[in-house]
Amino acid sequence: MDGVFTKCDSCNQPIYEKDLRARFNVCPNCEHHYPLPATDRIRLLSDSGTFRERDYGLVTDDPLKFEGYGERLAKAKKKSGLNDAVMSGTCEVGGHHIALAALDFRFIGGSMGSVVGEKVARTIELGLSEELPLVIVSASGGARMFEGIYSLMQMAKTSVVLSRFMDGGKPYISVLTDPTFGGVTASFATSADIIIAEPGARIGFAGARVIEQTTKESLPEGFQTSEFQKEHGMVDRIVHRLALKGDLERVLGFLS
Amino acid sequence: MMLDFERPILELEQRIGELRNLAGESRELQAEIARLEDALDGAKRRIFSNLTPYQRVQIARHPERPNFRSYRDALADDFYELAGDRLHGDDTAVRGGFAQIFGHDVVLVGHDKGADVESRVAGNFGMAHPEGCRKVNRLYELAGKFGLPLVLLVDTPGAFAGRQAEERGQAWAISADLMALAKVPVPVVSFIIGEGGSGGALAMCVADHVGMLENSYLSVIAPEACASIIFRDPSRAAEAAAALKLTASDLKGHGVADEIVPEPLGGAHRSPEKTIERVGESLERVLESFAGKNSETLLRNRHDRYRSIGAHAEAWRI
């Protein structure tokens, strides 16, 4: 694998896959940030050997027996090695003990169904009961339609839990990565103390294609990127992936 | 406006009307009218007792269905409307203010689908922009501060998906509403009176009591959009509507709705007054039952209710 070339979708330059992986899926040539598997995200952020995973075994019940969902789940599990679209647990970041959840876009677009909702809720509760700062890294197309009303209700679930956390004294730092949309953006990902976004990430409520189709509006260059959201006052900082750990250590230093 | 599946009903009604004009004293015609009336009743029962989920969605969207304005005018003795989000503007896709309902002072909020073309357009067909969501947030805060129960009438295709809505933080505004509902220390009573489209609807129905009219719906996505994304075929909307389990009875079964208010035979759009009366009766009963409830209990129950919704299993532990 190490000798394999690939072409960057963003700059069209050939890059070594090995180099791309060593840089946590950031193009060495143009710095484009590709989605990052949750396992790598945790390796990127946590102090070596400190991550303790929780709730790995949670799986969805496919409550609506939705056509095609079973196959999609099986494929996603195989592709990602995960049971659903989030990994969660505790770890240390620069010596700060935190509760951490990272969504994984490879698993049905990082969409939020019962398992994502439940594991995010449990991570928030862990932060509350153990008095830990909370960091959630989002990457999601939104709600998981295959779970119908259950997926919509995960927005309510994470919100009622997060509301309690926010009344405590510990910080919640939300990291938005490419892409973060829909029910995830419209629930736990944006009601944070601090919002950090990765460069060039697409972040919003409705996707650009949906907006163009329904309103026939032409959308400006860079619409819904992190830079656009920062300009509109929606995120605090844009931080390069390879500087993210250091950035979190700094902000945790101020808040704990 | 006539829905396709209502055609037999409307045709019978038309013929009855015509015969009435002609009949006069004619026994024969009177008998025919009586026969047709029986047939009409039969047709209504046949059609309306076998509605598919997608037909219910169409009824929920019917332009003549009673909407926020009709309920406000019929049920609120004194509606003192409040406007604006104090940041950007006033979005009339949602309206709200103080109201007296069956002797209770409340904060009444609802999506306003308008009464005619002009007001429908002005209210963006009940699809709120962020300033609408933030107005609602203000109203939640006011209700909490002054101890007034919240009565929320849900009737929206969804929060608006548009350029300006994104520029002003639509997702942020919805998230803030959910967070506000999670902790507002007064009774929250939601009624889905028509459409319950996704996050925009949810921002008004994280509640202590969720009532649904028989032909209303609540869904994570519109069936048409679901069909085109998942089935890659927008013409399969009826199938998507069935698969999404979005009807009032589905939602009651899944613990999302507490109560289904039956609509008069033929649907709310054909008997608006009767429908509003039934919602009013339920509202009166629910407001009465929450009167004097301790806010800590309310908040704990609300938390526990939404905390427990999910369909996950512990395959194994590590």
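Letters A, B, ... are given to chains in the order of the sequence lines, protein chains preceding strands, and every chain is numbered from 1. All heavy atoms count here, side chains included; hydrogens, waters and symmetry mates do not.
There is no contact between A/F181 and chain B, counting heavy-atom distances below 4.5 Å. With a 4.5 Å cut-off on non-hydrogen atoms, A/D84 does not touch chain B at all. Proximity to chain A (any heavy atom under 4.5 Å) is restricted, for B/R168, to the backbone atoms N, CA, C and O. Residue B/L246 does not touch chain A at all, counting heavy-atom pairs closer than 4.5 Å. Within the 4.5 angstrom heavy-atom criterion, no atom of A/R72 approaches chain B. For chain B, no part of A/T158 is nearby; none of its heavy atoms comes within less than 4.5 Å. In this structure, the portions of B/F160 lying under 4.5 Å from any heavy atom of chain A include both its backbone and its side chain. Contact annotation for B/I221: only side-chain heavy atoms (C-beta onward) come within less than 4.5 Å of a heavy atom of chain A. There is no contact between A/E212 and chain B, counting heavy-atom distances below 4.5 Å. At a 4.5 Å heavy-atom cutoff, the contact between B/S198 and chain A is made by backbone and side-chain atoms alike. For chain A, no part of B/A180 is nearby; none of its heavy atoms comes within less than 4.5 Å. Residue B/L181 does not touch chain A at all, counting heavy-atom pairs closer than 4.5 Å. Of the atoms belonging to A/S191, heavy atoms from both backbone and side chain fall under 4.5 Å from chain B.
Among the candidates A/G207, A/A186, A/A206, the residue making the largest number of heavy-atom pairs closer than 4.5 Å to chain B is A/A186. Interface check for chain B: of the options A/V161, A/L162, A/T214, the most heavy-atom pairs under 4.5 Å are formed by A/L162. With chain A as the partner, the residue from B/K245, B/K183, B/E167 showing the most heavy-atom pairs under 4.5 Å is B/E167. Between chain B and the residues A/P63, A/A156, A/G117, the largest count of heavy-atom pairs under 4.5 Å involves A/A156. Across A/S151, A/G148, A/S163, the residue that shares the most heavy-atom pairs under 4.5 angstrom with chain B is A/S163. Of the listed residues A/H232, A/M234, A/M166, the one with more heavy-atom pairs under 4.5 angstrom with chain B than any other is A/M234. For the options B/L299, B/I230, B/V256, B/D250, heavy-atom pairs under 4.5 Å to chain A are most numerous at B/I230.
Note that CE of B/M179 and CZ of A/R164 are 12.5 Å apart. Values are rounded to the nearest 0.5 Å. The OG1 atom of B/T247 sits 10.5 Å away from atom CD1 of A/I149, with the distance rounded to the nearest 0.5 Å. Atom CG in B/L244 sits 10.5 Å away from atom CZ in A/F146 (nearest 0.5 Å). One distance of note links CG of A/D61 with NE2 of B/H312; it measures 8.5 Å at 0.5 Å rounding.
Considering every non-hydrogen atom in both B/R163 and A/I211, the closest pair reads N-CG2, 3.8 Å. The shortest heavy-atom contact between A/M145 and B/V220 is CA-CG1, 4.3 Å. When all heavy atoms are compared, the tightest approach of B/A243 to A/F66 is CB-CE1, 3.5 Å. Closest approach of A/T215 and B/G162 over heavy atoms only: CG2-CA, 4.2 Å. When all heavy atoms of A/Q154 and B/I309 are compared, the pair lying nearest together is NE2-O, 3.2 Å. The two residues A/E67 and B/E239 make their nearest non-hydrogen contact at OE1-OE1, 4.2 Å.
Crowding of A/R237 atom CZ: a count of heavy atoms from other residues, nucleotides or ligands under 6.0 Å not exceeding 12. Within 6.0 Å of CD in B/E259 there are more than 12 heavy atoms belonging to other residues, nucleotides or ligands. Heavy-atom contacts from other residues, nucleotides or ligands closer than 6.0 Å to NZ of A/K170 number more than 12. Atom NZ of A/K65 is surrounded by more than 12 heavy atoms from other residues, nucleotides or ligands within 6.0 Å. Enclosure of atom NZ in A/K75 is not indicated, since only 12 or fewer non-hydrogen atoms of other residues, nucleotides or ligands lie within 6.0 angstrom.
B/E166 places no side-chain N or O within 3.5 Å of a backbone atom of A/G204 that could act as its donor or acceptor partner.
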>> Apply side-chain contact (heavy atoms from CB on, under 4.5 Å) to residues B/L251 and A/M153 and explain how you reach the verdict.
In response: CA-CA 11 Å; B/L251 295 169; A/M153 286 299 147; over 6 Å; no
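Residues B/R307 and A/E125 are in side-chain contact: their nearest non-hydrogen atoms beyond the backbone lie under 4.5 Å apart.
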